[in-house]
2 protein chains.
Amino acid sequence: MADRRIRYADRGVTLSHVAVAANVSVQTASNALNAPDRLAPGTLKRTLAAIESLGYKPNRVARALRNQSSRLIAVKVEAARSDRAAPLLDQFLHALSSCAADVGFHLILCQADDDRSELAAYQELLQTTAVDAVILSSTHRGDPRIAWLRERGVAFATFGRSWDGDEDLAWVDIDGKAGIESVMGHLVEQGHRRIAFLGWPNDSDVGLDRKQGWLAACRRHGLPTQHLAVESADDFDYGRSAALRLLSRQSPPSAVVCTSDTLALGAMRAMSESGLIPGVDVAVTGFDASPAAALTTPGLTTVRQPLDEVASELINHVEAELSGNPISPRHSLLTPTLVTRESTARQIPVHLTDPPHHRRSHR
Amino acid sequence: MADRRIRYADRGVTLSHVAVAANVSVQTASNALNAPDRLAPGTLKRTLAAIESLGYKPNRVARALRNQSSRLIAVKVEAARSDRAAPLLDQFLHALSSCAADVGFHLILCQADDDRSELAAYQELLQTTAVDAVILSSTHRGDPRIAWLRERGVAFATFGRSWDGDEDLAWVDIDGKAGIESVMGHLVEQGHRRIAFLGWPNDSDVGLDRKQGWLAACRRHGLPTQHLAVESADDFDYGRSAALRLLSRQSPPSAVVCTSDTLALGAMRAMSESGLIPGVDVAVTGFDASPAAALTTPGLTTVRQPLDEVASELINHVEAELSGNPISPRHSLLTPTLVTRESTARQIPVHLTDPPHHRRSHR
DNA sequence: GACAAGTATTTTAACGTTAATAGTTGCAGC
DNA sequence: GCTGCAACTATTAACGTTAAAATACTTGTC
């Protein structure tokens, strides 16, 4: 019990210790850090030396109480679903945390299963001065969270654009259209002409954005689109069955472009089951550059989001907002990069346009 | 600028507002929440009603300053490596965060690339009362972090056992040996006799623990082990080449048990390249139940760690420690569960013991 | 040598909470 | 009616910091 009361090494060092050591007042010690120009050179030097030798670190909590600002940023963590490929969250959190640390912020996690409970969590954290700002992910049309945070004057930035044309929102997003267009460019270069699109249902704005990339590329290169687009929720099994539908068409595609790695991996499963070898008989591509895409066989061609950049811009936004001089431009659309792997390795001979032949189905 | 000064809805509600509303002193209002038995029934009711109607929430920061306890727990996030399959972190963080919330704690992330900078980060957070406790992951032999936290009397618990026989450490870990043994049981049932082990180098205690499972099962079932164990760092490409070595042996194994999903996925790649179909010609298993294992084709048989349980026990430990009555037993070894998928689907006919034949190598 | 005009430093008060203690009230007992 | 004692409630002080106001100390000027 007794040792439970022991204080952490330098935990007890406060400004008043520094003040005594440097023979100045507490306020002067404080000024040495916060307004050094107010001190006479000699005093400053003496005080800083005391701070240094005592290992003084300002108490975050006291500072937070006094300044009404905790330098903590709330981020939501979602339950990872095992039927989805993309825990970008991992990398994203690391990047965010790292950028935050650079400007003296820390991340505090909050956990919620829907928009409403997410707001309740923010409410609690904000109301109790526990956090200064919020980072939102996966914004959607008519997102109640945005309105809610706005209303309360909370500093926040979103990973995901404003789908309601809110020009003043601080957002960072990935240009999904451009990402898919680069995938399409790569496939066309490999000689593909019938390129299918396996995407999310039309109620997803992110999904539509990516689909625009497919449509635009098809238009530009004069490729067919009819009967080549299918929809599926972002789920491995749904992706698999949607891909089976595509592959059983009269004139099946030679490549399938997918809105996510999850769907692409489902499509690869469908191909295997149809006796087709992904990357040889049919090309497949995903989106997100999840670990699964790199480690599956054949490796999945996909699109990598520049998460470090996203994180850094988000932190810049909230930091600027909190210090009172918001950044312009309010948003940036970052271009993801194509990652080519074996799933699109095979070059299609120019004279070949007929559908791939079905091979023996194993098992 | 002006609207930047607006306060969040109920942010301004403090105990003194409650006190005025209920016509009691501030301290009585505080007691209504912290020591309700001290109030006369009427006063209590009146005060609670005021708290309710004003939407008062105690200010975490003020409370932290007064109580010298922030109810924040530090957790480290590592940079996710794209050549590794297992960002369990994602699920783990969610589980932790959720359990923490149940007892009024929140998680604060800190980010560090080695043990030393990790300690520096804790140092800073502890010293400034920013956190009350720490959750450590991936402990290793002679872990400096454990000694460091001990020394300072910090409350902490570890995901990963005490490898130095420290009986008093509060840890939760996964029984890797048992996990691999259940994999082995499954493979033996399928008729496998020559089962190889693709594991981490011997300097990893976690790796050795899992390897023990293989050795024990081989002994129990009278299976050969000679020339059947190879080592590789936890990396897809290393796993791939180690598996190639195994497969090119004179009498190759009919199954490859791996220490991680990453290695198993590397092994699957190696099999494909050798013209072997995983799950048909050679069985493969992994460990961790990462998303990639579920989504690759064929699906990878693996071992799932009960992360929810791990999280809950860890939080219980630190919570108990902070409130002064540490939990006994100090540690628990949780048994992971086998997840069978197509990579071990094929039953080996009893009379067959000869090595799998090499099929045509595609591409 | 007195006095304005700075500059350097200290004092005061406050952020919101709560443990410890002090104070008030009502009521039984002498 | 006064004392003693519950049973409540209020006051004080402190957690560590910092903005603002107050004070002390320089320096320069005539």
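Letters go in sequence order (proteins before strands), and every chain restarts at 1.
- B/S70 places a side-chain N or O within 3.5 Å of a backbone atom of B/A130 that can act as its donor or acceptor partner.
- Using bins of under 30°, 30° to 60° and over 60° for the plane-to-plane angle, the ring pair A/W171/A/H331 lands in the parallel bin.
- Fit an axis to the five pairs at each end of the helix from C/dG1-D/dC30 to C/dC30-D/dG1 and the two axes sit 80° apart, to the nearest 10 degrees.
- Distance check, rounded to the nearest 0.5 Å: CZ of B/R38 to CD of B/Q27 gives 7.5 Å.
- With salt bridges taken as basic N to acidic carboxylate O contacts below 4.0 Å, one links B/E321 and B/R330.
- The separation between A/R71 atom CZ and D/dT17 atom C1' is 15 Å, rounded to whole Å.
- Atoms CZ (B/R60) and P (C/dT18) sit 12 Å apart, rounded to a whole Å.
- Ring geometry for B/F92 against B/F159 counts as tilted: the plane angle lies between 30° and 60°, on a 0 to 90° scale.
- Rounded to whole angstrom, the span from the NE2 atom of A/H17 across to the C1' atom of D/dG16 amounts to 11 Å.
- Distance A/L54 CG to D/dG16 P: 14 Å, rounded to the nearest Å.
- One finds a side-chain N or O of A/N34 lying less than 4.0 angstrom from the OP1 or OP2 phosphate oxygen of D/dT18.
- The side-chain heavy atoms of B/E118 and B/V134, taken from C-beta on, include no pair separated by under 4.5 Å.
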Name the pairs: protein N/O against N/O of nucleotides 9-12 of chain C, kept only if under 3.5 Å.
from   : atom 1 : to    : atom 2 : distance (Å)
C/dT9  : OP1    : A/T43 : OG1    : 2.2
C/dT9  : OP2    : A/A40 : N      : 2.7
C/dT9  : OP2    : A/T43 : OG1    : 3.4
C/dT10 : OP2    : A/S25 : N      : 2.8
C/dT10 : OP2    : A/S25 : OG     : 3.1
C/dT10 : OP2    : A/T28 : OG1    : 2.7

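- Between A/T139 and A/R145, the closest heavy-atom pair is CA-NH2, 3.6 Å.
- Under the 3.5 Å distance criterion, the side-chain polar atoms of B/T43 are left unmatched by any main-chain donor or acceptor of B/L39.
- Between the CD1 atom of B/I146 and the CG atom of B/D166 there is a distance of 6.5 Å, given to the nearest 0.5 Å.
- Note: CG (A/L65) to P (C/dA13) measures 18 Å, nearest angstrom.
- As rounded to whole Å, 9 Å separates atom P of C/dA8 from atom CG of A/D37.
- Protein atom CG of B/N67 is 6 Å distant from nucleotide atom P of C/dA19, rounded to whole Å.
- In this model, the phosphate group of C/dG16 is not approached by any side-chain N or O of B/T14 to a distance below 4.0 Å at OP1 or OP2.
- Counting distance only, with no hydrogens placed and no angle test, the side-chain atoms of A/R66 and the base atoms of D/dT18 include a donor-acceptor pair under 3.5 Å.
- Whole-Å rounding puts the A/Q68 CD to C/dT17 C1' distance at 12 Å.
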